[in-house]
Each structure stands twice: as C-alpha cells, then as structure tokens.
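Remember, it's 1-based here, ligands and their atoms both numbered in the order they're listed.
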Amino acid sequence: MPSRTILRFTKMHGAGNDFVVLDNRDGSLNLQPELIKRLSDRHFGVGADQVLVVETAQSAGNDFRYRIFNADGHEVQQCGNGARCFAQYVTDKGLTDKNSIRVETIPGVIEPQIIRHNWVKVNMGPASFEPAALPFVADGLSMRKFGGLVQYKLPVDAGLVEQDLWVSVVSMGNPHVVILLDQPASDDLVQSLGSTLESHPRFPERVNVGFLCVVDRSRAHLRVYERGVGETLACGTGACAAAVAGMKMGLLSDQVDIVKAGGTLTIQWSGNPDSDVLMTGPAQTVFEGEFYL
Ligand SMILES: N[C@H](CCC[C@H](N)C(=O)O)C(=O)O
C-alpha cells in the first residue's frame with residue numbers, strides 16, 4: 001500500500017450550512033483553491049458549503065484567527081454559521097477553556113459565546129449600508145427610500161422579474177444584496193435571479209443574494225443564494241443582513257427570528273448604526289474524518 005498523506009478534518013453544520021473544519025494552528029496547510037474545491041466537492045471529496053480554518057491569533061488579546069473559504073476555492077471575509085461552529089469546535093477540542101472568545105477575521109474581531117452545548121451566540125460586529133463597503137457600484141442608478149433604508153433600482157433581464165427590481169445592500173464584512181418580497185421566493189427565482197445577481201457587474205467582488213419575506217415584526221423567511229456556493233440551507237451573515245435591512249425599513253423589531261430551510265437564527269440589533277449585530281443559533285459536529293491528499 002503506497003504511503004498516504006492524511007488531512008484530518010471535522011464535519012460540522014450550522015442550521016444546515018455545512019463545513020469542513022481544519023486545524024491550521026501550526027501553519028502547515030497549503031490552502032490553495034484546488035484543495036478547497038476538492039474538500040468541498042460533494043462527489044469527489046467530503047462535501048461542504050465552506051471550509052473553515054482555525055489559526056493562532058495574530059494580535060495579543062485575541063484567542064484565534066478564523067479563515068473562511070467558499071466551495072469555489074475563494075477566501076472570503078466572514079461566515080456567521082461558521083463562526084458558531086468555530087466556537088463549538090475549539091471548545092470541544094479543548095483549545096480554549098473560555099466560553100466567550102475573541103476571533104480575528106478579515107473585517108475585524110468577532111466574539112462568539114457558547115450559550116450551551118451546540119448553541120452559540122455571536123457578536124458579528126456592525127453592519128454597513130454604504131455601497132463602497134461591499135463594494136457596490138451605485139453610480140447612475142435610480143434610488144428611493146423605504147423607511148430608513150435606501151433601495152436601488154437594479155437593471156436586470158426583464159425575463160427574470162415581473163417589475164422593477166429594487167434592492168438594498170448591506171455589508172457584514174462580506175457583501176449582501178437583499179430583495180424584499182411579499183411571498184417566499186420560488187426555486188426558479190432563487191436560482192435564476194440569485195445566479196444573475198451573484199456575478200452582476202455592479203458587484204465587482206460578487207455578492208450573496210438574500211430573498212426576504214416578512215411574516216410579522218418578529219419573524220421572516222429568508223432564502224440565500226450564496227456567493228461562491230449557490231443556495232445554502234442557511235446563511236448566518238445573510239440572516240444578519242436581511243434582518244437589519246428589515247429593521248431599517250421599519251418592518252422588523254429589534255429581535256427577529258429568521259427562518260431558513262435548515263433552521264432558525266435569532267438576530268438582535270438596536271438600530272443604532274454603530275451598534276453590533278448579534279446572531280444566535282445551532283452549531284453541530286457531524287463526524288470526524290481523514291482525507292487522503
Ligand atoms: N458565501 C459567503 C461566505 C459564507 C457566508 C455564510 N455561509 C454565513 O453563514 O454567513 C461569502 O462569499 O461572503
């Protein structure tokens with residue numbers, strides 16, 4: 001039997017958004033797109049929406065560094081469901097004895113807290129509604145106010161939508177476009193409009209596409225076509241983005257349950273532009289494995 005190089009991993013999910021988690025505290029992993037795509041492949045690999053990587057903190061006072069790679073191999077700024085799984089992972093592996101940790105990500109430090117086993121609350125930091133934060137090129141677009149939120153009229157193929165497409169943009173460190181619907185989005189709309197907007201030229205770094213349907217002031221349905229993945233069963237930063245957009249529109253209260261196919265996330269936000277967005281939800285380990293490189 002030829003000798004094999006083994007990569008140990010942990011398979012986890014947060015409300016059905018699933019992950020391969022790797023321990024790279026020794027910095028030995030070569031996290032090239034080809035490896036990420038192999039690990040993420042649901043036929044030729046383990047299968048995951050994202051690969052999450054645990055690394056040592058770079059600044060004093062922080063506990064870990066957290067890196068996120070989409071299934072398409074690209075490293076991205078943030079992953080909310082992954083943040084809950086990250087916290088559960090380092091706790092279960094005995095890498096920390098704290099139940100609230102400071103975790104470095106590209107946009108900044110986030111603070112997950114273990115509420116109870118497999119149930120995590122994360123301070124996701126502030127939201128931004130500035131187009132430049134995504135980035136989103138708004139020049140020349142028609143704009144309107146919906147409550148306290150700006151909406152932009154986005155030119156798309158008329159076959160995709162029955163009327164003008166008005167969207168909002170939110171950054172949670174990663175880019176989100178939020179579309180408000182008066183009923184839950186159909187599979188066709190999520191796939192056709194989601195794939196079109198994900199790579200729309202007005203989003204130079206592409207974008208996550210959220211389809212929000214408000215049920216009442218404390219509950220909303222959400223589907224997200226994720227950048228670099230496609231539709232996922234849950235999107236934590238997408239839930240944060242959609243919730244704060246709904247709150248700014250005056251449609252949602254300061255605590256809301258965002259219902260997704262894979263589970264429900266609770267989002268809290270005071271509405272103060274500088275206040276942080278809090279997200280609470282599940283984090284589950286499914287299995288441990290060895291991947292043959
Ligand atoms: N697809 C996202 C990254 C993962 C976000 C999502 N899985 C979450 O839980 O926030 C992006 O390209 O920005």
> Looking only at heavy atoms of Gln78, does any of them come nearer than 4.0 Å to an atom of ligand 1?
Replying inline: yes

> Hey, does Cys79 come in under 3.5 Å of ligand 1, counting only N/O atoms on both sides?
Replying inline: no

> Which atoms of ligand 1 sit under 4.0 Å from any heavy atom of Asn174?
Replying inline: 2 (C), 11 (C), 13 (O)

> Is the Lys NZ or Arg CZ of Arg223 less than 6.0 Å from the centre of Phe211's six-membered ring, within 45° of the axis?
Replying inline: no

> Among protein heavy atoms, which lies nearest atom 2 (C) of ligand 1, and at what distance?
Replying inline: Asn208 OD1, 3.2 Å

> Heavy atom of Cys235 under 4.0 Å from ligand 1?
Replying inline: yes

> Applying a 4.0 Å heavy-atom criterion (strictly less than), which segment of Thr237 is in contact with ligand 1: side chain, backbone, both, or neither?
Replying inline: both

>> Give the atom numbers and elements of ligand 1 that come within less than 4.0 Å of a heavy atom of Gln50.
In response: 1 (N), 3 (C), 4 (C), 7 (N)

> Starting from atom 9 (O) of ligand 1, which protein heavy atom do you reach first, and at what distance in Å?
Replying inline: Gly236 N, 2.8 Å

>> For Asn81, which part has a heavy atom under 4.0 Å from ligand 1: side chain, backbone, both, or neither?
In response: both

>> If hydrophobic clusters are built from ILVMFWY residues whose side chains come within less than 4.5 Å, do Leu212 and Val169 share one?
In response: no

> Can you say whether the rings of Tyr152 and Phe136 are parallel (under 30°), tilted (30 to 60°) or perpendicular (over 60°)?
Replying inline: perpendicular

> Mind checking whether Leu197 and Met143 sit in one hydrophobic cluster, side chains of I, L, V, M, F, W, Y counted as touching below 4.5 Å?
Replying inline: yes

> Measuring from the heavy atoms of Asn70, does anything fall under 4.0 Å of ligand 1?
Replying inline: yes

> Do any nitrogen or oxygen atoms of Ala234 lie less than 3.5 angstrom from nitrogen or oxygen atoms of ligand 1?
Replying inline: no

> Does Ile68 approach ligand 1 within less than 4.0 angstrom via side chain, backbone, both or neither, non-hydrogen atoms only?
Replying inline: neither

> In the protein, what heavy atom is nearest to atom 7 (N) of ligand 1, and what distance, to one decimal place, separates them?
Replying inline: Asn17 OD1, 2.8 Å

>> For atom 5 (C) of ligand 1, what is the closest protein heavy atom, and at what distance to 0.1 Å?
In response: Glu226 OE1, 3.4 Å

> Would you call the rings of Phe64 and Phe86 parallel, tilted or perpendicular if under 30° counts as parallel and over 60° as perpendicular?
Replying inline: perpendicular

>> Would Lys248 pass as a cation-pi partner of Phe129, given that its NZ or CZ must be under 6.0 Å from the six-membered ring centre and within 45 degrees of the axis?
In response: yes

>> Has Trp269 got a side-chain atom pairing as donor or acceptor with Ser275's backbone, closer than 3.5 angstrom?
In response: yes

>> Looking at His13, is its backbone amide N or carbonyl O close enough to the side chain of Asp18 to form a donor-acceptor pair, meaning the two atoms are under 3.5 Å apart?
In response: no

>> For a side-chain hydrogen bond (donor to acceptor under 3.5 Å, both in side chains) check, start with the C-alpha distance between Thr266 and Thr280, then their side-chain angles and the critical distance, and finish with the verdict.
In response: CA-CA 5 Å; Thr266 299; Thr280 304; 6.0 Å; no

